[in-house]
Amino acid sequence: MIEMIDVYKKYSNGVIAANGFNINIQQGEFIYVVGPSGAGKSTFIKMMYREEKPTSGNVMINGIDISKIKNSRVPYLRRNMGVVFQDFKLLPNLTVFENIAFALEVIEETPNSIKKKVMETLSLVGLKHKARMFPDELSGGEQQRVSIARSIVNTPKLVIADEPTGNLDPETSWEIMKIFEEINLRGTTIIMATHNREIVNTIRHRVVAIENGQVVRDEQRGDYGYEN
Ligand code: ADP
């Protein structure tokens with residue numbers, strides 16, 4: 001599904017954040033991306049949803065090199081993937097319902113079909129009863145559930161999450177992980193950067209460790225592996 005071939009990324013300030021990434025990811029996998037701060041995890045992930053372009057190399061998704069597509073095609077690419085951030089990135093002036101519907105409305109759905117899909121997705125994340133609330137009326141964990149709902153409402157085959165539990169307490173983090181597990185069980189590929197050792201060591205999945213812009217470890221059912 002995803003293949004990176006000799007991917008290099010040098011930012012304009014001269015920092016080399018990707019120093020030859022090579023990786024192959026199959027449909028349906030759940031992958032933790034671990035490594036110290038500044039290792040290149042976010043850069044690795046951002047190149048998968050074309051937030052960043054590599055300086056050289058190929059980022060293939062379903063046979064298309066997304067590093068080569070025109071900017072005007074990026075919104076089409078993003079429709080087929082969900083992205084979840086540490087800081088949720090919900091629109092503060094829209095309700096929970098509207099935040100999720102916003103992701104659908106761009107693809108010209110009818111009002112009834114929007115309502116059905118949004119409510120089904122809210123039900124999956126356990127927040128149907130909060131559809132009319134605004135983000136600042138919700139806890140951090142609830143806001144993250146909304147952002148997960150937004151990421152999956154178009155039923156993408158791929159969900160990319162950059163430290164989705166980074167701002168949450170341990171108990172809430174486990175709740176959020178249950179939702180990602182459920183999404184993965186439905187066949188969706190999950191790629192998640194995380195610093196959460198306990199989660200990585202408990203809910204076992206493939207672990208890709210990044211250091212100095214390179215994959216230094218890639219293990220099925222691996223462990224977190226760092227001391228800090
Ligand atoms: P991680 O997610 O593992 O903390 P990042 O991918 O964010 O690592 O960063 C890798 C390196 O690239 C770091 O040295 C960081 O300072 C640098 N970097 C990240 N984004 C940018 C940017 N937009 N411009 C310049 N340097 C950047």
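We count ligands from 1, going down the list as the structure has it; atoms in each ligand are counted the same way. The model shown is predicted, which means the values in this text are computed figures rather than measured ones.
Pairs passing the side chain to side chain donor-acceptor pair (under 3.5 Å) check and including a residue from residues 126-137, sequence neighbours excluded, read K130-E142.
Salt bridge annotation for K178-E182: absent, with no cationic side-chain nitrogen under 4.0 angstrom from a carboxylate oxygen. Ion pair E51/R78 flagged as a salt bridge, since at least one NZ, NE, NH1 or NH2 atom sits closer than 4.0 Å to an Asp/Glu carboxylate oxygen.
For the residue pair E211 and P36, the shortest heavy atom distance occurs at CG-CD, 3.9 Å. Nearest heavy-atom pair, N19 versus N212, reported as atom, atom and distance to 0.1 Å: CB-O, 3.8 Å.
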Which is it for N58 and D6 under the side chain to side chain donor-acceptor pair (under 3.5 Å) test, yes or no, and what are the steps along the way? CA-CA 7 Å; N58 311 95; D6 295 332; over 6 Å; no
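Residue contacts with ligand 1, taken as heavy atom pairs separated by less than 4.0 Å, involve T43 via backbone and side-chain atoms alike.
Taking a 4.0 Å cut-off on heavy atoms, P36 registers as neighbouring ligand 1. Heavy-atom separations between G40 and ligand 1 include at least one value shorter than 4.0 Å.
Nearest protein heavy-atom neighbour of atom 10 (C) of ligand 1: G38 O, 3.4 Å. Nearest to atom 19 (C) of ligand 1 among the protein's heavy atoms is Y11 CE1, 3.4 Å. The protein atom (non-hydrogen) at minimum distance from atom 7 (O) of ligand 1 is S42 CB, 3.6 Å.
Listed by number with element, the atoms of ligand 1 under 4.0 Å from a non-hydrogen atom of V15 are 11 (C), 12 (O), 14 (O), 17 (C). For ligand 1 and A17, the ligand atoms under 4.0 Å from any heavy atom of the residue are 10 (C), 11 (C), 12 (O). Heavy-atom contacts of N13 reach the following atoms of ligand 1: 25 (C), 26 (N) (cutoff under 4.0 Å). Those atoms of ligand 1 that come under 4.0 Å of a heavy atom in S37, given as number and element, are 4 (O). The distance from ligand 1 to the heavy atoms of A39 drops below 4.0 Å at these ligand atoms: 1 (P), 3 (O), 8 (O).
For atom 2 (O) of ligand 1, the nearest protein heavy atom lies closer than 4.0 Å. Distance check for atom 15 (C) of ligand 1: every protein heavy atom is found at 4.0 Å or beyond.
Listed for the K157 side chain is no donor-acceptor partner under 3.5 Å among the backbone atoms of T189.
Of the N or O atoms in K41, one or more lie within a sub-3.5 Å distance of an N or O in ligand 1.
The environment of K68 atom NZ is dense: over 12 non-hydrogen atoms of other residues, nucleotides or ligands sit within 6.0 angstrom.
Side chain to side chain, T172 and E175 fail the donor-acceptor criterion of an N or O pair below 3.5 Å.
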